[in-house]
Amino acid sequence: ADTDSTVYPPWRVFVSFNTEAECANFYKNRRSPKSNKFKGTSLIIKEAPEPNQLIYENSDMNSFLALSGNALSYVLTFGISVVSYIIIFLLHSVKGTGMSLLVTGVIVLINVVMPPIMKQLTFIFEVHHNREVIQQSIMVKLLLSRCIVSAVIIYHVTPYEEKFSIASLEAIQDIVLADAIVPLFRAIDVYGYFSRYILAPVLGQDQDSFNLFWRGTEYNLAERYANALKTIFTALFFAVPLPSGLFLGAFTLWANYVSDKYLLMHKWKKMPPIGAGLGRLCRIMFMFILFIHCLMSLHFFANWPYRGVCGGDKAKVPNCHLVCDVHGAMTGPQQSIVHIYNIFSVAGFVIMVLWMLKLLLIKLLTRYGGYVSSDLKLVTSMHARKTSEVTLRSIGNARAYVPTLTRKQLHQRLICSDLSHVPAPYN
């Protein structure tokens, strides 16, 4: 209650247990949907997020406004992808010396400016109660936009007869190679040096403002995941016409690992921990990437050498969607590989649909049926007996769910508290 004695209905309750055994027994006893009712209301019981990941200032946000803002963010992301397609299509249609390198440079530039744009779209328009969900939203938008720009648009704007041409393959290889070079420049941390040695002496009026420039460069975990997945997507998308892209993609992943590890240990600001939701989302995205790889490899093999079947008339192009027709003019090995990838594509599509239906069904049962998901980390009875002697109050570094506000202009967090009902001697 506030100073006006206005009572707000609770929307989330955090329960802490004295021992791990009590927590395990609680979840085991809450498996029945009937036991998840409180005064006729279904309770959604799930593992709590990290304490400093909650965004308390969004607690009273209207759900319709939040959904509208999230939808607007994705619509703007789609609009940015469309604009990128138009730019690349117009540049690709211009024939001339050096145009291939220009298109490659534009694609690299678009990939460089995408992360700050997607972060601003998320922070400005979207409303979430958890910073982990914000990271997931940034990763989805960034991954989709970068994959579309780096692979899908290039495949679509390239004429049918030029899919396997030397110029097209060189352009694709330049894009993959540019991704391998970018981590080396990121390891230099130009902005970090500029912030500490140029901005701090000039703009630091006192010790607190001076410390703001020495906190280290903020990094975004969603961007790191998106970079790795985009590299894998590009390499697997063009694996058939450009096998060397697999080796370049492996080198890019190694370069990202080395540069990110160096920056994490020496240059980057220490960020608060988040849950495992971002990693689980990456596994789902990787499943989509494997399906797209099977589908595109099927198209590449079925249409080889992109001058009609086996170089014949263009009118003999095989009919390709989820599966490709096996044409009589194909060679024996070509027919075999098309058959194999037809099976992979259908199997991948079925697995993907069943997996998404499973996730949707669990979410609906959790929200409306009182079902407790089985992926919660329960403590077995044997392990619970061993750890039951360790109590919550005996842990010195345990974090509590204290409402706080984070602002970039402040070095420390603001603690949100209501002191109106504290007795006068202590207020």
Side-chain angles (χ1 to χ4, degrees), residues 101 104-120 122 131-132 134-151 171-200 212-239 242 244-274 276-279 281-283 285-286 289 408:
L101 291 177
T104 302
V106 171
I107 292 175
V108 173
L109 179 61
I110 293 175
N111 287 331
V112 170
V113 300
M114 277 292 183
I117 293 177
M118 295 305 158
K119 285 187 286 187
Q120 291 302 318
T122 305
R131 289 185 175 85
E132 180 181 350
I134 291 181
Q135 293 290 315
Q136 293 176 353
S137 179
I138 294 175
M139 194 199 74
V140 170
K141 294 194 296 291
L142 187 58
L143 179 62
L144 292 178
S145 58
R146 278 185 161 182
C147 289
I148 291 174
V149 171
S150 300
I172 297 170
Q173 185 169 273
D174 291 339
I175 295 173
V176 179
L177 187 60
D179 290 337
I181 300 176
V182 169
L184 303 179
F185 288 98
R186 186 171 63 247
I188 301 176
D189 192 26
V190 177
Y191 176 77
Y193 282 105
F194 179 76
S195 176
R196 289 189 292 270
Y197 297 105
I198 303 298
L199 296 180
L212 290 175
F213 300 98
W214 279 81
R215 292 185 300 179
T217 305
E218 292 188 3
Y219 70 94
N220 196 291
L221 193 59
E223 183 181 354
R224 306 270 67 80
Y225 274 115
N227 283 344
L229 290 176
K230 190 262 295 183
T231 300
I232 297 173
F233 178 85
T234 307
L236 293 180
F237 191 93
F238 296 108
L242 190 69
S244 61
L246 298 175
F247 297 96
L248 291 176
F251 175 79
T252 303
L253 293 176
W254 174 82
N256 276 294
Y257 169 77
V258 173
S259 63
D260 289 353
K261 184 177 181 180
Y262 166 74
L263 293 171
L264 182 65
M265 298 298 178
H266 300 282
K267 301 297 181 182
W268 280 342
K269 173 186 175 182
K270 183 179 179 180
M271 302 298 289
I274 63 174
L278 194 61
L281 181 60
C282 286
R283 292 200 296 269
M285 291 298 174
F286 187 73
I289 291 175
K408 293 184 178 180

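The first residue of the sequence shown is numbered 1, and numbering continues consecutively from there.
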Checklist entry - Hey, are R224 and N256 close enough side-chain-wise for a donor-acceptor pair under 3.5 Å? => result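 Per modelled atom types, N256 and R224 side chains form no pair under 3.5 Å.
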
Checklist entry - Distance only, no hydrogens: is a donor on one side chain within 3.5 Å (strictly under) of an acceptor on the other, for D179 and T234? => result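 No, no side-chain donor-acceptor pair sits under 3.5 Å.
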
Whether the side chain of [X] engages the backbone of [Y] through a donor-acceptor N/O pair (distance < 3.5 Å, no angle test) should be reported.
| X | Y | answer |
| --- | --- | --- |
| E132 | G277 | yes |
| S195 | F213 | yes |
| K141 | S137 | yes |
| S150 | C147 | no |

Under a 4.5 Å cut-off applied to non-hydrogen side-chain atoms, are [X] and [Y] in contact?
| X | Y | answer |
| --- | --- | --- |
| E218 | Y191 | no |
| N220 | M139 | no |
| P183 | V258 | no |
| V140 | M285 | yes |
| Y225 | L221 | yes |
| Y197 | W214 | yes |
| T252 | I181 | no |

Using distance only, find each side-chain donor-acceptor pair of residues 112-120 under 3.5 Å and give its atom names and separation, not counting sequence neighbours.
none

Give me the atom names and distance for the closest heavy-atom approach of [X] to [Y].
| X | Y | value |
| --- | --- | --- |
| A239 | L246 | CB-CD2, 4.2 Å |
| V176 | G245 | CG1-O, 4.2 Å |
| A180 | A255 | O-CB, 4.1 Å |
| A178 | V108 | CB-CG2, 3.5 Å |

Checklist entry - Can you name the ring pair (Phe, Tyr, Trp, His ring centres under 6.0 Å) partners of Y219, sequence neighbours left out? => result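 Per chain and number, Y219 pairs via ring pair (Phe, Tyr, Trp, His ring centres under 6.0 Å) with W268.
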
Just how far is it from atom [atom1] of [X] to atom [atom2] of [Y], taken to the nearest 0.5 Å?
| X | Y | atom1 | atom2 | value |
| --- | --- | --- | --- | --- |
| Q173 | T104 | CD | OG1 | 10.5 Å |
| L229 | L281 | CG | CG | 8.5 Å |
| S259 | K267 | OG | NZ | 13.5 Å |
| F251 | T231 | CZ | OG1 | 11.5 Å |
| L248 | L253 | CG | CG | 11.0 Å |
| I110 | I148 | CD1 | CD1 | 12.0 Å |

Checklist entry - Does NZ or CZ of R196 come closer than 6.0 Å to the centre of the six-membered ring of F194, within 45° of the ring's axis? => result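 Geometry flag: not set, cation outside 6.0 Å or 45°.
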
Next on the checklist: Would you say the ring centers of W254 and Y257 fall short of 6.0 Å from each other?
Outcome noted: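 W254 vs Y257: aromatic centres not under 6.0 Å.
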
Item to check | Candidate pair D174 and I107, rule side-chain contact (heavy atoms from CB on, under 4.5 Å), full reasoning | outcome: CA-CA 10 Å; D174 291 339; I107 292 175; over 6 Å; no

